[in-house]
Chemist: 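Pasting in a structure now, in structure tokens, and then I'll have a few things to ask.
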Amino acid sequence: MADSSDSISIDMETISLGAKEYLVKTRCGMVSVALFGDQDKPALVTYPDLALNHISCFQGLFFSPEVNSFLLHNFCIYHISPPGHEVGAAPIGSDDLMPSVDDLADQVLEVLNFFGLGSVMCMGVAAGAYVLTLFAMKYRQRVLGLILVSPLCRAPSWTEWLVNKVMSNLLYFYGMCGVVKELLLKRYFSQEVRGSVEEPESDIVQACRRLLDERQSISVQQFLEAMNGRRDLSEGLRKLHCRSLIFVGENSPFHSEALHMTSKLDRRYSALVEVQACGSIVTEEQPHAMLIPLEYFLTGFGLYRPSPRSFFHRKAWA
């Protein structure tokens, strides 16, 4: 169980929409964990994409009434934020070590140990999917299954590496400036919701743009540099025998990455769901498209029990 001597519990309910927030001390610094639900239930651990946290990356999914009812009915949710990405994060000191992707994966293990968790279900988006896949490869006994959204598994292409370097330099010299925000929004969302000269930005893009203003630039830069130095995980994926469910938007810049990863995973244990007219962050742009595949996936573990709310919802549509 959690030991209060190793963490700081913060009452941030009005900010974090009902979560109990912990700052967990790890070998590479403090990590924020937002906890939703009953800790006696099976654990679902999430990890967001670059420059996002649980509010900006998973709110659409977990506040979708149908999805929320069955996830909170079946799981206790542990939202892990990358270092310095949580709401109200203090600036990272100049003396703090820049974590590698292995350090980030090891932090996940330290969070699990802090809460006394055994094997958990994992859900990650893009860069967060890479971190949780690496965690699953390093600590196989601690992962029941992987739910990956627009995942990365290879080393960055030259194009991605160059774009990341441009963003890193801009973050260092100018902070979360307009150019960086536009590059990130293009990474996250499809053109349909980003808008155009004729069409305004959708509400989710406007909300994400505002939330990006709250990020600490040095924290985003450090996560970006860690991801830019990531290695190719392809060869180890075949040995990953936990069940995996992959979602990817057809307009995601990481669409080919998801297809590649699916081809490398053992097909007996993996499935791919391509979401039409959607970018990378399916959890925000089209969370309803995840409902039925998630139900089938979790049923295979014996973890899914229909909540009364979802039963009546289905009956109304019958």
Side-chain angles (χ1 to χ4, degrees), residues 7-8 10 12 15-16 19 21-34 46-59 79-111 124-132 134-135 152 155-156 160-188 205 207-231 253 280-281:
S7 78
I8 305 169
I10 306 173
M12 299 176 65
I15 298 175
S16 299
E21 296 245 349
Y22 293 85
L23 287 176
V24 179
K25 185 178 181 181
T26 73
R27 180 177 56 85
C28 292
M30 305 298 281
V31 174
S32 173
V33 183
T46 75
Y47 209 105
D49 192 19
L50 174 72
L52 302 178
N53 56 31
H54 73 278
I55 295 175
S56 47
C57 193
F58 295 104
Q59 181 171 302
H79 291 297
I80 301 176
S81 290
H85 282 54
E86 67 271 16
V87 175
I92 294 178
S94 58
D95 295 332
D96 291 345
L97 294 175
M98 182 181 296
S100 66
V101 288
D102 281 283
D103 292 330
L104 297 175
D106 291 342
Q107 283 183 331
V108 175
L109 177 67
E110 292 185 77
V111 167
V125 177
Y130 180 95
V131 172
L132 291 180
L134 179 58
F135 169 71
L152 306 173
E160 185 195 344
W161 184 91
L162 183 59
V163 171
N164 288 349
K165 273 299 179 185
V166 169
M167 280 202 291
S168 181
N169 288 331
L170 288 171
L171 285 163
Y172 182 82
F173 289 108
Y174 303 106
M176 186 60 74
C177 61
V179 175
V180 172
K181 282 190 281 190
E182 292 305 321
L183 289 170
L184 288 172
L185 292 172
K186 187 174 181 180
R187 170 190 177 105
Y188 303 150
V205 175
C208 187
R209 186 185 293 277
R210 289 192 297 270
L211 289 167
L212 287 174
D213 286 328
E214 301 173 6
R215 294 287 77 78
Q216 296 289 342
S217 301
I218 187 65
S219 304
V220 177
Q221 187 205 18
Q222 288 197 357
F223 192 14
L224 184 59
E225 288 293 336
M227 289 305 299
N228 230 20
R230 70 183 188 270
R231 63 184 182 278
S280 299
I281 315 296

Chemist: Tell me the closest heavy-atom pair linking A105 and F135, and the distance in Å.
Modeler: O-CD1, 3.5 Å
Chemist: After noting the C-alpha distance and the side-chain angles of V125 and F58, does the key distance pass the side-chain contact (heavy atoms from CB on, under 4.5 Å) rule?
Modeler: CA-CA 9 Å; V125 177; F58 295 104; 3.7 Å; yes
Chemist: Only one of P253, S56, S280, C208 forms a side-chain contact (heavy atoms from CB on, under 4.5 Å) with Y188, so which one is it?
Modeler: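 The residue from P253, S56, S280, C208 that satisfies side-chain contact (heavy atoms from CB on, under 4.5 Å) with Y188 turns out to be C208.
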Chemist: Which pairs would a plain distance check flag for residues 165-176, meaning a side-chain donor or acceptor within less than 3.5 Å of a matching protein atom at least two apart in sequence or in another chain?
Modeler:
{"residue": "K165", "atom": "NZ", "partner": "E225", "partner atom": "OE1", "Å": "3.3"}
{"residue": "K165", "atom": "NZ", "partner": "E225", "partner atom": "OE2", "Å": "3.4"}
{"residue": "S168", "atom": "OG", "partner": "Q221", "partner atom": "NE2", "Å": "3.3"}
{"residue": "S168", "atom": "OG", "partner": "E225", "partner atom": "OE2", "Å": "2.5"}
{"residue": "N169", "atom": "ND2", "partner": "K165", "partner atom": "O", "Å": "3.4"}

Chemist: Any side-chain heavy-atom pair from P156 and M227 closer than 4.5 angstrom?
Modeler: no
Chemist: Could you state the interatomic distance from CG (L152) to CG (D49), rounded to the nearest 0.5 Å?
Modeler: 7.5 Å
Chemist: What's the spacing between I80 CD1 and L132 CG if we round to 0.5 Å?
Modeler: 7.0 Å
Chemist: Quick one, L185 and R209 - any side-chain contact, counting heavy atoms below 4.5 Å?
Modeler: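 Yes, close enough: below the 4.5 Å cut-off.
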Chemist: Taking Q107's backbone N and O only, do any of them form a donor-acceptor pair with R27's side chain (distance below 3.5 Å, no angle check)?
Modeler: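 Here the side-chain-to-backbone pair does not exist.
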Chemist: Quick one: pull up OG in S100 and CG in D106 and give me the separation to the nearest 0.5 Å.
Modeler: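 Output value for this atom pair is 7.5 Å.
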Chemist: May I ask you to check whether over 12 heavy atoms, not counting those of K181, lie within 6.0 Å of atom NZ?
Modeler: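 Enclosed.
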Chemist: Do D102 and R231 have side chains that get closer than 4.5 Å, going by heavy atoms?
Modeler: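 In contact.
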Chemist: So, does N53 use its side chain to make a donor-acceptor pair with the main chain of E86 at under 3.5 Å?
Modeler: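 No, the answer is negative, given that no donor and acceptor are paired below the 3.5 Å cut-off.
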Chemist: Could you measure the distance from the CG atom of N164 to the CZ atom of R230? Nearest 0.5 Å is fine.
Modeler: 7.5 Å
Chemist: Under 4.5 Å between any side-chain heavy atoms of L50 and P82, yes or no?
Modeler: no
Chemist: Using modelled atom types and a 3.5 Å cut-off, is there a donor and acceptor pairing between side-chain atoms of Q216 and backbone atoms of A89?
Modeler: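 Pair found, side chain donor or acceptor close to backbone of A89.
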Chemist: What distance do R187 atom CZ and L52 atom CG have between them, rounded to the nearest 0.5 Å?
Modeler: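 Spacing of CZ (R187) from CG (L52) equals 8.5 Å.
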Chemist: Roughly how far, to the nearest 0.5 Å, is the CE atom of M30 from the OH atom of Y22?
Modeler: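 One finds 13.0 Å between OH of Y22 and CE of M30.
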Chemist: Anything under 30° is parallel, anything over 60° is perpendicular, the rest tilted; go ahead and classify H79 against H54.
Modeler: parallel
Chemist: Restricting to non-hydrogen atoms, name the atom on S81 and the atom on P48 that form the minimum distance, rounded to 0.1 Å.
Modeler: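 Scanning both residues, the minimum pair turns out to be CA-CD, 4.5 Å.
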Chemist: Between L212 and A51, what is the shortest heavy-atom contact and its length?
Modeler: CD2-O, 3.7 Å
